[in-house]
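Below: the structure, in C-alpha cells.
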There are 4 protein chains.
Amino acid sequence: MTTNTHLPTKQELIDLRREFHEFPEPGWREFWTTARIVEELERLGVDQIHVGADALAPEERLGVPDERELSEWLDRAAARTDRTDVLEQVEGGHTGVVAVVERGDGPTVGLRVDIDALPITESSDGDHKPTAEGFRSENEGYMHACGHDSHITFGLGTLQTVIESEFDGTFKVFFQPSEELLGGGKAMAAGPHIDDVDYLIGTHVGLEYPTGTVIAGLDEVLAFSRFDVTFTGESAHAGFAPNEGRNAVQALVTATNNIFGIPRHRDGATRVNVGEINSDNAANVIADKATATVEVRGESNELMEYMRDSLHRHIDAAAEAHGCEEETSLIGEAIREDSDEELVGLVDEIAGGVDGVSVVHRRRSAGASEDVTYLMRAVKDNGGKATYVGIGSDSPSGHHTPTFDVDEDCLLIGVSVLSDTVLDLLS
Amino acid sequence: MTTNTHLPTKQELIDLRREFHEFPEPGWREFWTTARIVEELERLGVDQIHVGADALAPEERLGVPDERELSEWLDRAAARTDRTDVLEQVEGGHTGVVAVVERGDGPTVGLRVDIDALPITESSDGDHKPTAEGFRSENEGYMHACGHDSHITFGLGTLQTVIESEFDGTFKVFFQPSEELLGGGKAMAAGPHIDDVDYLIGTHVGLEYPTGTVIAGLDEVLAFSRFDVTFTGESAHAGFAPNEGRNAVQALVTATNNIFGIPRHRDGATRVNVGEINSDNAANVIADKATATVEVRGESNELMEYMRDSLHRHIDAAAEAHGCEEETSLIGEAIREDSDEELVGLVDEIAGGVDGVSVVHRRRSAGASEDVTYLMRAVKDNGGKATYVGIGSDSPSGHHTPTFDVDEDCLLIGVSVLSDTVLDLLS
Amino acid sequence: MTTNTHLPTKQELIDLRREFHEFPEPGWREFWTTARIVEELERLGVDQIHVGADALAPEERLGVPDERELSEWLDRAAARTDRTDVLEQVEGGHTGVVAVVERGDGPTVGLRVDIDALPITESSDGDHKPTAEGFRSENEGYMHACGHDSHITFGLGTLQTVIESEFDGTFKVFFQPSEELLGGGKAMAAGPHIDDVDYLIGTHVGLEYPTGTVIAGLDEVLAFSRFDVTFTGESAHAGFAPNEGRNAVQALVTATNNIFGIPRHRDGATRVNVGEINSDNAANVIADKATATVEVRGESNELMEYMRDSLHRHIDAAAEAHGCEEETSLIGEAIREDSDEELVGLVDEIAGGVDGVSVVHRRRSAGASEDVTYLMRAVKDNGGKATYVGIGSDSPSGHHTPTFDVDEDCLLIGVSVLSDTVLDLLS
Amino acid sequence: MTTNTHLPTKQELIDLRREFHEFPEPGWREFWTTARIVEELERLGVDQIHVGADALAPEERLGVPDERELSEWLDRAAARTDRTDVLEQVEGGHTGVVAVVERGDGPTVGLRVDIDALPITESSDGDHKPTAEGFRSENEGYMHACGHDSHITFGLGTLQTVIESEFDGTFKVFFQPSEELLGGGKAMAAGPHIDDVDYLIGTHVGLEYPTGTVIAGLDEVLAFSRFDVTFTGESAHAGFAPNEGRNAVQALVTATNNIFGIPRHRDGATRVNVGEINSDNAANVIADKATATVEVRGESNELMEYMRDSLHRHIDAAAEAHGCEEETSLIGEAIREDSDEELVGLVDEIAGGVDGVSVVHRRRSAGASEDVTYLMRAVKDNGGKATYVGIGSDSPSGHHTPTFDVDEDCLLIGVSVLSDTVLDLLS
C-alpha cells in the first residue's frame, strides 16, 4: 500500500470535485461514487475501509429503490469502473464508506460528508461553468445540485491533510449515502462506527453564504418524515356498477384534503406536503389502487411527531371511510439536533484564523432538513459533542436548481477549516 | 252518548276540513287535533277510542321534539279546547287515535289517515282561498300544506258513513301522527291495533292528479332514513393553540363531503342530503360540537340500506379522522311497500262507479316517501292485503308550498270511494 | 383484381377471427388491423376502399395518443405486414376503412363494425381457448376482450356474402377505429360516407346473451363524455416556502371531491368517475402539475350534459381556488340514440328465420356506452333508419376480462343475420 | 361643575372596578357602562366629554349587532341608569367615550382603555371571589372575563390623578368600545381625537404576569380579520329533484375544507378558523343558505393579508363551484404594531420606581390579537410615539375563563404606573 506524501493542493481538490460532479448518482445508487472513494482511500493508505453493509446498519436504510432501478445504476457504474470487487459489495443498495485512521490513544474524531446526487437535469447553458469547462453531468437527469461533490472532496481532502499530519487519536470519515432521501443518516448512526466517536463534525457547503464565510454551528434543521402511502380498494365498472367499487381515489382525496388541513401548532413551525399522487387506473373503472408520497416536518422533533401522528390518523380514517386498506411505509426521516456550544466555540475560533475566511457566524438556522442529526444525536447520547459546520460558497443560483455551482475557492477553505479543527481536537 | 243519524253531507265535510285547516299542528304536537278528533268520534258513537300510548307503540316513535317544544304546543292547544282529559293523555307527544267499530264476525278492515301539518307559512294573499274565506292557519309558520286536513276529514267521513250502514266485521280508523317527520308510521305499525287487520287502505289527496281522478294503487314510495348526527371534539383557542382542539367542524365537513360523494347504485335511484348543519361556536374557538341532519333514500329498501350503511361509515370515519366522538340517532324512517293486486283491482272497480270520478289509474308511482308502508307491511306479514289509494284534487300549487289548497269537491268523492270500498270488504 | 367465388364458410370466418384476435391493437393504433382488412377487401374485389383520412373526418378524432405511442405501434405493425402503402396512409393515427360496393340504383345500406382492442392482458391459462389453441394475443398487455375481432369478421363475412349475391343498390361497411376510447364514432359520422346511407346497422357480439339469441334493437346506451384534465400551478419547496406554491394537487383534490358530489338527477341515472389521477412531482415540492381523466354518463343526452356542465364548473372553480390554470380536453364521447322501429321489426323477422337462431328479443337495453350512436343519428338526421343489433355468444366470462372469449358458432349466425337483412333491404 | 379633591384611594378603585364588574356589557352594547363612565367624568370635572358618534368614526365600526340585539341591551341599561340623555346618544351601538383635559401648551398624551365584556357565564362557585363577595355578573351569560373592568378603573383613576396634579399639555382618555370583537379600535383611530396625540399608552391587565410585574412594551399582537360569510344558492326537494338545487351547504363545505388547507407561510405563524357554521334548513331540502364566521391571523400584517387573500379566493371559488352567490363582510380587524423604544424606555424607568412593582420586563410578546394597534399606528403615522403596557395581576385562572379574576392590588399599581408616566410626559 502506497501513501500520499503531501497536503492536498487547491488544484487537486478541484480535480477531485469535478470528477465526482461528472458522475452524479442518487441515493442508494452511489455505486461508482463509492468505488471511486475506495480507490482514493487506498491511495491515501487509510487503515480501515468499511464499505456498505460494514459501514452502516443495512436494515435501517430508508427509501431503498426497487431491484430494477438498482440494477440499472449498477450497470452504469460497471461501465465506468473496473473495481468489480467494490461493486460486488455495494450491489443491492449497500453504498457508503467509513474510513478510519488510528494514531495512539487520543480521542476519536468523526467527520461526516454525504455523497449522493439529485434527480435534476443540469443546465446545458454555455454560462454554466460545468458545461463550459466540460464536467457537466454524464448521467442525464441527475446532478450534484446540492454540493455533495464538494462534500466528498472535503472528506477526502481533510483525510489526506490529517494523515499527513501528526496527531494522537483516531479519525473517522463517514461518507454517508442517501442524504437527499433522508434515508442514510439513521442507518449510519445505527452502524458500528459511531459509538466511540468523541467529537463529530458535519458540514455543508453554500446555503446562500458567500465564499469566505463560515458558520460554526448550523442549527434548527426541520425534523422530517416521509411516507409512501398506498390505498387498496376494489375496482368496478364506473358505468355499470359504481356501487360495487371501493374507491381508492376517493380515499386518497379524503386523506389529502385532511392532511393539508392539519392544524397549525402553537409551539412553532410545521410543514406538510402531498407532493406526488398516482392512480394509473383506467378512466372507466373505479380505482382499486392509489398512491401518494407524503411528508411532514416540524421545527422540533415533537412538532414533527404531532404532524406525523395526525397524518397516520387521517390515512387510517380515509381508508375506513371508503372501505379501503392502506399501507404506509416510512421512506425518509430526519430529526432535529443542534450543535454543542463547546465545538461551536472551537470552530468559531479556528475558522477565524484560516486563510480566505472573512466572516465567521457562531450559529445560524439551517432552515432545511438533514440527517446528519442522527449521527450528532448518537455521539451526544454517548457523552460526545457534535457540530454542523457551514462552509460558504458563492453560487450563481440556489441549491437544487439546474445552474447551481460552487465557487471552487471554497474547497481549500473547507478542507483547512475542517482539518485544522480535527487536528486541534486530536492534539 | 248520542249517535249520528245521517250520512255526512258535502258541506259538513267542508266545515270539518276547514276547522282542522285553521289549526295545523306539526308531528307529535297534534294536541288539539287529537282532542278534536276524539270529540267527533264520541259524537259518532264509536265503540272504542284509543288515544296516544294506547294507539301506538310509544317507544317506537321517531323524532319526538324536546320538552320545551312539546310544552309550548300543549299550551296553545289548551287555549283552544276544554278537553283537558285528552290533553293529559297526549302530553309528552302521545298524539294519534285509533277508532274501532265492531259489528259481527266479518273481517277487519283498516283505514289509515295522517293528521300532522308542516312548518310552512301559509300564504296571506287574497287569492289564496283559505285567506279569502277566513280559515287561514292560526298557527303562524305552520300549515296543512300537504292535505292532511282532508285526510282527517276522509277518516271521519268514512267512519260516519260506515257506522250509518249495515256491515259485518270490524272497521278501524288509524289517525296517525307525525307522517311528515316519517316518525309515526313505524310506531303505529308496532302498536296493538294492526295485527288483526285483514285489509288496509291508506290514502292521499292530490299528488298532482286533478279532481275526479283516483289511483287504486300508489306504489314505489322511496325508502327513507333520517338521522341527527352530533360530532363532539374538544375546543381550543384558534389563535393560541389550534393544535389542542379536536375540530368538530372539520369532522362534519369531511363527513358531508364524503356523504354527498356516495357512489350511485346500478340498481336504481338513490338520494342523499345534508340539509341542516350547525355549530354555534365562537368564531375564535376550535369547535367542540357540530351537528347535522342527514337523510338518505332509495328506490328499494335495499338501495336505502346501501346508502344508510355508507352514511354510517362516513360519519364514523370522519369522527376518527378528527379525533371526535359521533352520535347518530334515527329520527325518521320509511320503507317501500307496494299495493296488493287484489285490493288494487277492487278499488279500481268500485271507484269507477263513484259519482264525480272520471278517471281511475290502476297503479302509479307515488314518487315521495311515506310511512303508511309500515302498516301495509305489518298487514301483509300477517297474511292480509293492503293498498295505498290516491284521491285527485285540483290545486293552485304543489304540495309543501304556501298556496297549496285542495278542491273541496274531492272530499265527498274521497269519502265515497273509501267507504264504498270498506263496505264492500265488510259485506 | 381477383374476385371471391363463394360464400364464406364457417371455418373461414373462424380463421379470420383468430388472425385478428392474435394481433390486437388499441384505438387509433389499429395499423396492422387496417392493413389486413384492406388486403381482404382487395381479395373480395371491393369497388372502393377508403382508408384513414379518407374514411372519416380526421379533425373530429378524439383521444389520439401522442407521437411516441403511435410510432411504437406503427413499428410493431411494420414488423408484421409488408403493406407499407397502407402503413403510410394510417401513420399518425389515421386508422379505419370504409368499403363500398355499388350495384344499380337501389338504396344505400351501411354496416358498422368496430376494430380496436383493449389494454387488458389476456389469460395464459390452459383453459382459455385462445391460449390452448395457439391464437392468444401476441401484443402482451392488449387483448380483443370485447369481441371486436368477431365484429371485423362480421364485416368481412357480410361483405363477401353480399358481393356474392344479387342486389340492387349500394352497400358500405364502416370499419370504425377507436370505439373503446369512444373516439372514432363521431369522426366517422362526420366523414364523407354516411350522408347517403338510407339504412344503417350497427352490431355487437355477446353482451351476456347466449349463442342463438339475437337482439333486433339494442337501446339505451349511456351518453358519455371523457376528459383529460390538467391543473397547472407553481412549484415551491414544501419545507422552505410552501406559501409560494400554487398547489395543483390541492386543485385536483378539490375538483375530485366536488365531482363525486354532483347531485343525482330526478330524470334518471347518471354516472361519474375520476378514475386516473397523477402528479409525478417530487415529494418535497408543492406540485405544479396534476392530471386526471374524468368521465360522466347519463341515461339521456340531457342527463350527460347536466353532468358535463357540472364537471366543467367544478374544474374551473377548483383551479381558481388554488390559483392554478386548468386545461380540459375532450378525449371520448358518445350520445344516446335508440333503434328505429321499422328496422327493429325487419331484423326481428329475418333473424327468426336464420339457422341457429333460437331466440329473438325485439328490444333490450344495451347498458353501456357506444359511439355507433353518432352514425345512427347522422343517418336519422338525413331521413334514414338505423338499428343496433346484438348477436348472442356464449362466453366463459364477461366482456373486458382476461378470459373473455366468443363461441365461434356465433360468427356464421351473425354473418347470416346481417347479410340476410342487408340483402332484404337491397332487394 | 364640581371637581374632585383628592387622589383616588385603593378602596375607591376597588369599588369602581366591582361596580363595572357587576354589569358587564358586550361590544357595541356598553350602554350602561358608557353612561356610568360619563357620570364619573362629570364628577371629576373633565373639560370635554365626547360620547359615541362624537368619540369615534361611526361608519368604521365593525361587527355592530342587529337592531333587536341592540334594543334588548338598551332596555337592560335603561333599567339601571336614569341618564336617559346618555342613553339617547349611545342608542344604535354608539358606545364609547373620549375624555379630554387641557392645561397649557404642552404635548398631548393619550391613554386608551377598553370597556366591553365577553359572552361567558361567570362562575357561581363560592371560591370565586366576585361570587363570594357579591359582585358577580348580573348579566347572566356575560362576564368581564378579560379584565376590562380593571381597564375602565385604570382610565378613571389615572384621569383623577392627573387632574389632581400639575401638568402642562393635554390629556385624553379613550374609553374604547368593542375590543373583544376587534370592532372598535379601527373606528376610534379614525375618529377626531387621535390626530394631535403625541404619546399614546395602551394597557392590559394580567396576561399571566403576576401582581408586581410590569411590561413596558407588549409587542407582537397577531394581526387579525374576522368575516361573516353567507352562501346563497337555491333550494330544491332532496328527494324529488336534488339536481334543481344550488347547494349552499356544499359550497360552505368546499370553502371550509380549503380554508383549513391554506398553506403555512415561510415567514412565520399564521392562524385560521371556521368556528361557527349554520344552515337552518329543512333536512329534506337542498340548502339555499349557509353561513359561517371565519377568522385569520398572522404574526405580521403581511402574513394576515396572505391568509385573508387566500380566504377570499376560496370563498369565491366555492360559491362558483356550487352555483351559489357569496357575501363576505368584515366584522372584526386588528393589525400588528409594536411599541416605540423611547416610550418603552420611559415606562421601564418609571415603573421601576412605583410602589408594589417588583419586576419590569422591557418587552414581551402579547401573543393575542388587540386593536389598540390602530390607535398606536395612527399616532405613529402623525410622528408620535406609542407603547402598550402590561400591568401584572395574579389570577386564579386564565383570561376568558369563568373563574378569571384580578388581584385588586394591581389597580393602584396600574394607576400609579400610568399616571406617573403621563405626568412625566406632560411635565
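Below, read A as the first sequence line, B as the second, and so on, with proteins coming before strands; counting in each chain starts at 1. Note that the coordinates shown come from a computational prediction; the quantities given were computed from them, not determined experimentally.
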Please assess Glu326(B) against Thr230(B) for the test side-chain contact (heavy atoms from CB on, under 4.5 Å), listing each intermediate value before the final yes or no.
CA-CA 6 Å; Glu326(B) 61 84 17; Thr230(B) 302; over 6 Å; no

Which of these, Thr291(B), Asn257(B), Ile277(B), sits in a side-chain contact (heavy atoms from CB on, under 4.5 Å) with Leu252(B)?
Ile277(B)

Comparing Leu222(B), Val249(B), Val272(B), Thr293(B) against chain D, the one with the most heavy-atom pairs below 4.5 Å turns out to be Val249(B)

Taking the side chain as every heavy atom from C-beta outward, state whether Ser279(D) and Lys289(D) have any atom pair closer than 4.5 Å.
no

Chain B shares the most heavy-atom pairs under 4.5 Å, among Ala287(D), Ala238(D), Gly239(D), Pro119(D), with Gly239(D)

Can you tell me how far apart OG (Ser137(D)) and CE (Met143(D)) are? Round to the nearest 0.5 Å.
8.0 Å

Okay, Ala282(B) and chain D: the region with an atom under 4.5 Å from a heavy atom over there is backbone

Between Phe231(D) and His322(D), is the ring centre distance below 6.0 Å?
no

At a heavy-atom separation under 4.5 Å, does Ala368(D) approach chain B through its side chain, its backbone, both, or neither?
both

Checking Asn284(D) against chain B: side chain, backbone, both or neither under 4.5 Å from a heavy atom?
both

Pick from Thr256(B), Thr254(B), Asn273(B): which one has the most heavy-atom pairs with chain D under 4.5 Å?
Asn273(B)

Please collect all salt bridge (charged side-chain N to carboxylate O under 4.0 Å, His left out) contacts where either partner lies in residues 226-241 of chain B, sequence neighbours excluded, each pair once.
Arg226(B)-Glu295(B), Glu234(B)-Arg246(B)

Considering only heavy atoms and a distance below 4.5 Å, find which of Thr270(D), Val285(D), Asp280(D) pairs most often with chain B.
Val285(D)

